[in-house]
Amino acid sequence: SSAASDVYKRQVYVGARAGAGLTTGDQNVLIGKDAGLALTTGNYNTCIGPMAGDRLTTSTYNLAIGRNAMGTHLDGSYNVAIGGNAMSDTDAGGNSESSQYNVFLGYGAGGGTWGDTGSSHDSNIGIGYLALSGALDGDATIAIGHSALAALTTGIQNIAIGYQSLLAANTGGYNTAVGYQSGKAITDGNYNVAIGRMALFNEDQGDSCTAVGTTALYTQNGGDATLANTGVGHNSGYYNTSGTNNTFVGYRAGQGSSETVYSGNTAVGKDALLAITDGSDNVAIGRISGDSITTGDQNVFIGAASAYATADVDKAVVVGNNAMGAGNVDSDADGTIAIGYNSLNALVSGQANVAIGFEAADAQTDGDNNTVMGYQVFSAADSGESGNVMIGYQAGDLINDSGSDSNVLIGLQAGRGGAAAMASCIVIGESAMKSTGANAQTGTIAIGQQALTALTSGAYNTAIGYNACKTY
């Protein structure tokens, strides 16, 4: 060991040339060949291992354990380097070699050749084999896990926790990645959050994305731009490649079915917008809402299973559980409005329909230009009935004939009809003309409470007024 001298106060140094340069330094522990070799006036340092802290001079409160740990650091204080070659090549310039408050645990952690371009290089944490082992030239970064942030250079204020998390990041900053290989491919992307196994796995340059959940936003690689995608949930947004401004929340929400581009979508709920390929600007809220949509654009689906079987429709507004749900609506039905539980549930190709209310027009498949509103209004019609206006509780609810077109029915149980054609009738009032059943009616007019309420087979009648021809 080195020879003792009265000038050294309360020191421990063991090993060839350990503490050989000490003059007035106090309470240092230096064990190993060349450990603390250059220390002169530094205090309270612990250096254990060959060449551990061998270039420290006036530094204080450093802990270096392992061969060459903190091996080239000069005068920075309050650092911890534990592991062979941990924080071992920091002498690029004044900022790097005097950096403080760093913690590196693991072989080669923080052990790359540091740069010195102006950052303070302070307050970095690297824990794990080769964590933060690149040409570090930044500060306030945290890397925990095997090879986490292993390539970082000038990127600052990144947090990576997990095996190979943010593995390729070099100049990107302000990223947070937690989970096995989360954000693994990011190089110069900024302001990203990836939490979960392989979340945001392929993105390299995109900015401002949030992926939370196993393989959330997995395929995305949108280039050097603000992509602003959010995926929360297992496989959320999985197949989107370069689409932007999407928000997917829920298990497989917005997952897609192939590697395509879709933008501006909002999907909330399990399997919402599950199959989307290149549809854009859709809103789907609720379990399996819009889960078969592939190419539809500018739709609003709200409610569990709303529009769940539809692959291609545009500009539809669907609100309510199972609304426009069971039928695979095609592009003929663009602009459809269905509001209420089961409303337009069976629609396939009908055009320009508006249905509002519980089970409103729920059996209709291919009728066109119907506007209906009310509880179970027009609920039996399934034969292409078209051009009708119906408003009120169970108005026209029993009509079920392909010739039932161009009617106006307004009122509670007005013009209930049945399995016969009702055409070009005007019925306004509670229970007006509600008993026709299996008898056809054409051009009949009944206006007033219970007007023609008992009518069955009579034709071409006009009754206006309270109880007009009530028993006719």
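If you read the sequence from its start, that first residue is 1, and numbering goes on from there.
- Residue N388 forms a side chain to side chain donor-acceptor pair (under 3.5 Å) with just one option from N370, D368, T371, and that option is N370.
- Side chain of D116 to backbone of N95: a donor-acceptor contact under 3.5 angstrom is found.
- Dense packing is recorded around CE of M198, with more than 12 heavy atoms of other residues, nucleotides or ligands lying under 6.0 Å away.
- Using a 4.5 Å heavy-atom cutoff, the side chains of I144 and Y163 are not in contact.
- Between M87 and N102, some side-chain heavy-atom pair lies under the 4.5 Å cut-off.
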Step-by-step side chain to side chain donor-acceptor pair (under 3.5 Å) determination, E385 to Q364: CA-CA 8 Å; E385 298 86 346; Q364 188 58 255; 3.3 Å; yes
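- T23 is listed as a side-chain neighbour of T41, based on a closest heavy-atom distance under 4.5 Å.
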Stepwise salt bridge (charged side-chain N to carboxylate O under 4.0 Å, His left out) test for R55 and D91: CA-CA 9 Å; R55 287 200 58 201; D91 60 349; 3.0 Å; yes
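- The backbone N or O of S96 lies less than 3.5 Å from no partner atom in the side chain of S98, so there is not a single donor-acceptor pair.
- For the pair Y78 and N62, the minimum side-chain heavy-atom distance is 4.5 Å or more.
- The shortest distance between side-chain heavy atoms of T171 and T153 falls below 4.5 Å.
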Criterion salt bridge (charged side-chain N to carboxylate O under 4.0 Å, His left out) on R10 and D26, from CA distance to verdict: CA-CA 6 Å; R10 298 180 293 278; D26 189 19; 3.0 Å; yes
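- The ring pair (Phe, Tyr, Trp, His ring centres under 6.0 Å) check on Y218 picks up F201, Y238, with sequence neighbours excluded.
- A donor-acceptor pair under 3.5 Å is absent between the side-chain atoms of D397 and the main chain of S379, judged by distance alone.
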Side chain to side chain donor-acceptor pair (under 3.5 Å) assessment of H73 paired with T90: CA-CA 6 Å; H73 211 58; T90 62; 2.7 Å; yes
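- A perpendicular orientation is assigned to the rings of F104 and W114, their planes being inclined by more than 60° (bins at 30° and 60°).
- Side-chain atoms of D54 never come within 3.5 Å of backbone atoms of L37 as a donor-acceptor pair (strictly under, hydrogens ignored).
- For the residue pair Y13 / N28, no side-chain donor-acceptor distance below 3.5 Å is found, with atom types taken as modelled.
- Among the candidates N229, N240, N246, N245, the single residue satisfying the side chain to side chain donor-acceptor pair (under 3.5 Å) test with N265 is N246.
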